[in-house]
There are 2 protein chains.
Amino acid sequence: MTLQQLKYLLGVVDSGLNITAAAERLYTSQPGISKQLKLLEQELGVPLFTRRGKSLAAIAPAGHDVIARARNILRETQNIRSLARDLSGEQQGTLCIATTHTQARYVLPEVIRTFRECYPKVTLELHQGTSEQIAELVANNQVDFAIATGSQALFPGLVLMPCYHWDRIIVVPNDHELAQLDQDLDLDQLAQHPLVTYVFSLTGQSSFKKAFADAGLTTNVVFTARDADIIKTYVRTGLGVGVIAGMAFDSHDTGDLVAINAEHLFPQQTTWIGFSRDTVLRQYMLDFAELFAPHLTTERMRDVAELEYQEEVDALFETLVLPTREALVYADT
Amino acid sequence: MTLQQLKYLLGVVDSGLNITAAAERLYTSQPGISKQLKLLEQELGVPLFTRRGKSLAAIAPAGHDVIARARNILRETQNIRSLARDLSGEQQGTLCIATTHTQARYVLPEVIRTFRECYPKVTLELHQGTSEQIAELVANNQVDFAIATGSQALFPGLVLMPCYHWDRIIVVPNDHELAQLDQDLDLDQLAQHPLVTYVFSLTGQSSFKKAFADAGLTTNVVFTARDADIIKTYVRTGLGVGVIAGMAFDSHDTGDLVAINAEHLFPQQTTWIGFSRDTVLRQYMLDFAELFAPHLTTERMRDVAELEYQEEVDALFETLVLPTREALVYADT
DNA sequence: CGCGTTTACGTCGTTCGTAACGATA
DNA sequence: TATCGTTACGAACGACGTAAACGCG
């Protein structure tokens, strides 16, 4: 058994049991992988795959176990490398983040700008996707950090640390009747308008629906989108009243849109950052998290990583008063 | 980084930083290890050891981290091999048990006899030692099972499963005055005699002292030994009254010794068997445990291995009525 | 006939063990 | 001087890549 063999094994599995594809991904020759796979199976004395003709058809029962162990092993080799690089003062590396559109578009740019100044040699990889896609990346150990809001249930293997609170706002065109209101809006009024908001995923956005349901109101959601830019576009065309994340309204919108406070209408949201308990974080990763949420000090994160259960993590952060997003504005882009 | 390099690394560490010794243990040449170690350090860019002249003096800070990860990696390779061997119906292997004298001498022989009949090709390794020595072996992943009584605190990384209950008995020579008693002995009477019993370790034997202390009595322990054989020897010479584990009194003793029931004097003891949560157990290992304690079925053990905390394990077994040792007698040796 | 895997084979790099050297106590 | 680690070197092995053959859809 060799680390290479295990690496090849996972490469093949992650390429959909296509050896040729795996060879390209791993920058090596296809017969080489084929041979090493055979050697591994031979050494273990168990077929790891079921084959149809010459092709790999599926993962054999034994394969699943072996693959899971192999992932642990390769993760630990990565951990060793990370440890060593950090200790030798190496400033190069990769920071891989999976996050939602809102974070990627409205929150992270400034954080990343600062980060790049501190660590110009670190390659940044930013994956934007739905909560489910983020969870997928996390499950395969393909990202260092996941940043999202709500939907904690999707990330069982991660340590989730709350970063800041935020509230929704309502956006309407300048000339909309709601723009003229001189008192606080209430849910009744809002429910009388066609609404444009985020796609209802498992992202905890159901708190949107719930707010109306609790008030005994029915809503008329005429359009949903994944990101605030599209919502704003349709709000501008007069399709309806937009409900978006507070930080998604910026100075460029003030010309033709008006933001209306909705703190009192919907529950506060919490954005968190998560990482895998069994992955070693490089110093620059910890520093990134601290840039993103200043209360996430290196020390605190290392403490948190030792905890076994998410409940303990939550308990630790419960005593902290989290800032709201507004309090964290790094600069106005 | 190679699995070999990691294996060599651990070999050197486990040989007290002596490369020559590691080479012998690993059945390879000493320069080979030397070179691979250097290559590893070079690849990682961090010294893993501090050197005094040419000799390895100590493990560098980076080394500790790397070594810990390397142990995880090698454990997982072992797990892969175990899985594969089991799935391919291989009946060969090694069963390594660390246990106390009482178990090794009075309980295990019969279990092992049966086990060997079922699995003649499995090499048995039995290490006898104090609780602390057993804990040491366990910590280094050198045994599959630990079997002991009490002292659960010494084994934080293990899943401990209770096997059976037992009580102490009192042994005296045939002609001793206590041998003539026709009623139950009480602590008062016992305290008036010089006592011979087990060494007080952390083995939970303190319940011995505690029983007397709770009754407001002081004892006169004139001799302690690690094993019942020695205690019985000194009891025969008239040194004092022996207090030993019930199963340590067998038919060979009936000629010149008398056993007196002491169930009502001291709390009941529980013997457990423990294994590491992150080690894959071969089928024959599970079968051994079941031979040792019939309620430890394969299914139950696999369930228990999934639990994160010992408290959950305890809870699961709490609902079971454990047998006493006597109920488990396999045969009289 | 194309796609993907296996087989065959030559090349290259690496590991291994022996032997000699160096350093340390 | 004895012990232990490093360096040097030749032999053997193993991995890799190219090229060709094979099976399957």
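Numbered from 1 within each chain, the chains take letters A, B, ... in sequence-line order. Predicted, not measured: the structure shown is a model, and the values here were computed from it.
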Grab the [atom1]-[atom2] distance between [X] and [N] for me, whole Å please.
{"X": "B:L37", "N": "C:dT15", "atom1": "CG", "atom2": "C1'", "answer": "15 Å"}
{"X": "A:R51", "N": "C:dT6", "atom1": "CZ", "atom2": "C1'", "answer": "11 Å"}
{"X": "B:L39", "N": "D:dT7", "atom1": "CG", "atom2": "P", "answer": "11 Å"}
{"X": "B:L48", "N": "D:dG5", "atom1": "CG", "atom2": "P", "answer": "16 Å"}
{"X": "B:M1", "N": "C:dT14", "atom1": "CE", "atom2": "P", "answer": "17 Å"}
{"X": "B:L26", "N": "C:dT15", "atom1": "CG", "atom2": "P", "answer": "16 Å"}
{"X": "A:I33", "N": "D:dT18", "atom1": "CD1", "atom2": "P", "answer": "14 Å"}
{"X": "B:K35", "N": "C:dG13", "atom1": "NZ", "atom2": "P", "answer": "14 Å"}

Which nucleotide in C:dG17, D:dG5, C:dT15 has an atom nearest any side-chain atom of B:S29: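 Selected nucleotide (nearest to the side chain): C:dG17.
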Nucleotide nearest A:P31 (side chain, heavy atoms from C-beta), chosen from C:dT5, C:dA19, D:dA19: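 Closest nucleotide to the A:P31 side chain: D:dA19.
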Test item: side-chain donor near acceptor, B:E76 and A:N72, under 3.5 Å: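 Result is yes, a qualifying pair exists.
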Can a side chain N or O of [X] be found less than 4.0 Å away from OP1 or OP2 on [N]?
{"X": "B:Q36", "N": "C:dT15", "answer": "yes"}
{"X": "B:T20", "N": "D:dG5", "answer": "yes"}
{"X": "A:N18", "N": "C:dC3", "answer": "no"}
{"X": "A:Y8", "N": "D:dA15", "answer": "no"}
{"X": "B:Q4", "N": "C:dC16", "answer": "yes"}
{"X": "B:R52", "N": "D:dG5", "answer": "no"}
{"X": "B:Y27", "N": "C:dC16", "answer": "no"}

First encountered from the 5' end of DNA chain D, between A:G32 and B:S55: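 That would be B:S55.
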Ionic contact status for B:R302 with B:E306, cut-off 4.0 Å: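 Looking at B:E306 and B:R302, the cut-off is not met.
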Residues B:R81 and A:E43 bridged, charged N to O under 4.0 Å: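 Counted as a salt bridge, because a side-chain N and a carboxylate O are separated by less than 4.0 Å.
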Stepwise side chain to side chain contact (heavy atoms under 4.5 Å, CB included) test for A:F275 and A:V143: CA-CA 8 Å; A:F275 62 92; A:V143 295; over 6 Å; no
How would you label the contact of [X] with the nucleic acid (heavy atoms, under 4.0 Å): base, sugar-phosphate, or nothing?
{"X": "A:Q30", "result": "base"}
{"X": "B:G53", "result": "sugar-phosphate"}
{"X": "A:L17", "result": "sugar-phosphate"}
{"X": "A:K38", "result": "sugar-phosphate"}

Heavy-atom donor-acceptor pair, A:R282 side chain to A:Q91 backbone, under 3.5 Å: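 Pair absent, no side-chain N/O of A:R282 close to backbone of A:Q91.
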Heavy-atom donor-acceptor pair, A:Q128 side chain to A:T100 backbone, under 3.5 Å: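 Not at all, since once roles are kept as given, no pair shorter than 3.5 Å links the two residues.
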